[in-house]
**Student:** 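Below: one structure in structure tokens.
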Amino acid sequence: MMTDELIFLEQDILTQDEVFDFLAQVSVVHGKAHDKGAVKEAFIAREHEGTTGMLEGFAIPHAKSQAIDQPAVIVVKLKNAIEWQSLDGSPTQNIFALLIPENDAGQKHLALLSKIAKLLMNEDFKHQFKQAQNKAMIAELLRKNL
């Protein structure tokens with residue numbers, strides 16, 4: 001579910017809507033989904049249920065849709081933090097997005113979501129993630145912890 005090709009650094013994205021558009025585009029380009037519009041709508045619909053903005057600049061948006069063919073995690077570090085209505089009111093700069101096929105068994109993505117959320121409570125992990133400056137560093141950090 002996690003590959004180096006799905007890690008994106010220094011993305012110049014200015015709004016949450018643009019993030020969802022970027023995630024949907026990436027999911028189609030990398031063969032994880034077949035309908036960009038449906039994936040973007042799934043991210044938006046989930047966000048309307050409650051914010052996926054966590055604490056200290058992190059967010060975990062997730063989309064579950066029939067348009068998603070393969071589960072995946074997309075990691076995005078933004079060039080500048082953006083408004084996300086996060087739990088602590090801070091802007092978001094670091095995104096862990098989950099793509100979940102509609103027919104997924106359900107427990108796998110919930111376990112991954114839980115694992116990522118727990119990692120984001122770990123000060124060492126957050127510090128290491130924020131300091132990581134290339135895909136290889138981020139991929140290694142995630143492989144060690146997920």
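One is the number of the first residue; the rest follow in order along the sequence. Heavy atoms only: backbone and side chains are in, while hydrogens, waters and symmetry mates are out. In this text, all values refer to a predicted model and were calculated from it rather than measured experimentally.
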**Student:** Looking at CD of Q16 and CD1 of I44, how far apart are the two atoms once the value is rounded to the nearest 0.5 Å?
**Tutor:**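 Here the interatomic distance stands at 8.5 Å.
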**Student:** Any chance you could measure I138, atom CD1, to Q133, atom CD, to the nearest 0.5 Å?
**Tutor:**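 It comes to 9.5 Å.
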**Student:** Which pairs count as side-chain hydrogen bond (donor to acceptor under 3.5 Å, both in side chains) when at least one residue sits in residues 110-130, sequence neighbours excluded?
**Tutor:**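 Qualifying pairs, neighbours excluded: E56-K126, E123-K126.
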**Student:** Can you sort out the partners of A63 under side-chain contact (heavy atoms from CB on, under 4.5 Å), two or more places apart, ordered by chain and number?
**Tutor:**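 A63 satisfies side-chain contact (heavy atoms from CB on, under 4.5 Å) with A42, F43, I68 once adjacent residues are dropped.
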**Student:** Sorted by first residue and then second, give each side-chain hydrogen bond (donor to acceptor under 3.5 Å, both in side chains) pair with at least one member in residues 79-96; sequence neighbours left out.
**Tutor:**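 Residue pairs passing side-chain hydrogen bond (donor to acceptor under 3.5 Å, both in side chains), neighbours aside: E47-W84, T52-W84, S86-D88, D88-S90.
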**Student:** Looking at every non-hydrogen atom in both residues, tell me the closest pair between A67 and A38 and how far apart they are.
**Tutor:**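 Scanning both residues, the minimum pair turns out to be CB-CB, 3.6 Å.
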**Student:** For F129, check ring pair (Phe, Tyr, Trp, His ring centres under 6.0 Å) against everything at least two apart and list the hits.
**Tutor:**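 Counting only residues at least two positions away or on another chain, F129 forms a ring pair (Phe, Tyr, Trp, His ring centres under 6.0 Å) with F58, F96.
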**Student:** In the structure I gave you, are the side-chain heavy atoms of K32 and V39 within less than 4.5 Å of one another anywhere?
**Tutor:**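 K32 does not reach V39 side chain to side chain.
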**Student:** Got a list of side-chain donor-acceptor pairs under 3.5 Å for residues 139-146, not counting sequence neighbours?
**Tutor:**
residue: R143; atom: NH2; partner: D4; partner atom: OD1; Å: 2.7
residue: N145; atom: ND2; partner: L141; partner atom: O; Å: 2.7

**Student:** To the nearest 0.5 angstrom, please state how far the CG atom of L112 sits from the CD1 atom of I100.
**Tutor:**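 So the CG of L112 and the CD1 of I100 are separated by 8.5 Å.
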**Student:** If you count the non-hydrogen atoms of other residues, nucleotides and ligands that lie under 6.0 Å from CD in Q66, is the total more than 12?
**Tutor:**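 No, because the 6.0 Å sphere around CD of Q66 holds 12 heavy atoms or fewer from other groups.
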**Student:** Once side-chain contact (heavy atoms from CB on, under 4.5 Å) is applied, do any residues pair with A45, and if so which ones, sequence neighbours excluded?
**Tutor:**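 Counting only residues at least two positions away or on another chain, A45 forms no side-chain contact (heavy atoms from CB on, under 4.5 Å).
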**Student:** My understanding is that only one of L9, I95, V26 makes a side-chain contact (heavy atoms from CB on, under 4.5 Å) with V76; could you say which?
**Tutor:**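 With V76 as partner, side-chain contact (heavy atoms from CB on, under 4.5 Å) holds for just one option, I95.
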**Student:** Atom CD of residue position Q70 - does it have more than 12 heavy atoms of other residues, nucleotides or ligands inside 6.0 Å?
**Tutor:**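 Yes, CD of Q70 has more than 12 neighbouring heavy atoms, counting only those of other groups under 6.0 Å.
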**Student:** What pairs of residues pass the side-chain hydrogen bond (donor to acceptor under 3.5 Å, both in side chains) test when at least one of them lies in residues 22-31, not counting sequence neighbours?
**Tutor:**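 Sorted pair list: Q25-K36.
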**Student:** Measuring only between side-chain heavy atoms, which start at C-beta, is D17 closer than 4.5 Å to K40?
**Tutor:**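 Side-chain contact under 4.5 Å: yes.
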**Student:** Give a yes or no on whether the backbone of A97 and the side-chain of H62 come within a donor-acceptor separation of less than 3.5 Å.
**Tutor:**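 No: the side chain of H62 does not pair with the backbone of A97.
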**Student:** What residues, two or more places apart in sequence or in another chain, satisfy side-chain contact (heavy atoms from CB on, under 4.5 Å) together with E18?
**Tutor:**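 Once residues adjacent in sequence are excluded, the partners of E18 under the side-chain contact (heavy atoms from CB on, under 4.5 Å) criterion are I13, L14, T15.
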**Student:** So K77 and E10, do their side chains get closer than 4.5 Å, heavy atoms only?
**Tutor:**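 Not touching, per the 4.5 Å side-chain cut-off.
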**Student:** Would a single hydrophobic cluster contain both F125 and L113, if residues Ile, Leu, Val, Met, Phe, Trp and Tyr are joined by side-chain heavy-atom contacts under 4.5 Å?
**Tutor:**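 Linked, L113 and F125 end up in one cluster.
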**Student:** Would you please name every residue forming a side chain to side chain donor-acceptor pair (under 3.5 Å) with Q11, sequence neighbours left out?
**Tutor:**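 Q11 satisfies side chain to side chain donor-acceptor pair (under 3.5 Å) with no other residue.
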**Student:** State, yes or no, whether a side-chain contact exists between L55 and L120 at a heavy-atom distance under 4.5 Å.
**Tutor:**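 When only atoms from C-beta onward are counted, L120 and L55 do not touch, as no gap falls below 4.5 Å.
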**Student:** Which value, rounded to the nearest 0.5 Å, describes the distance between F22 atom CZ and D12 atom CG?
**Tutor:**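 Those atoms lie 11.0 Å apart.
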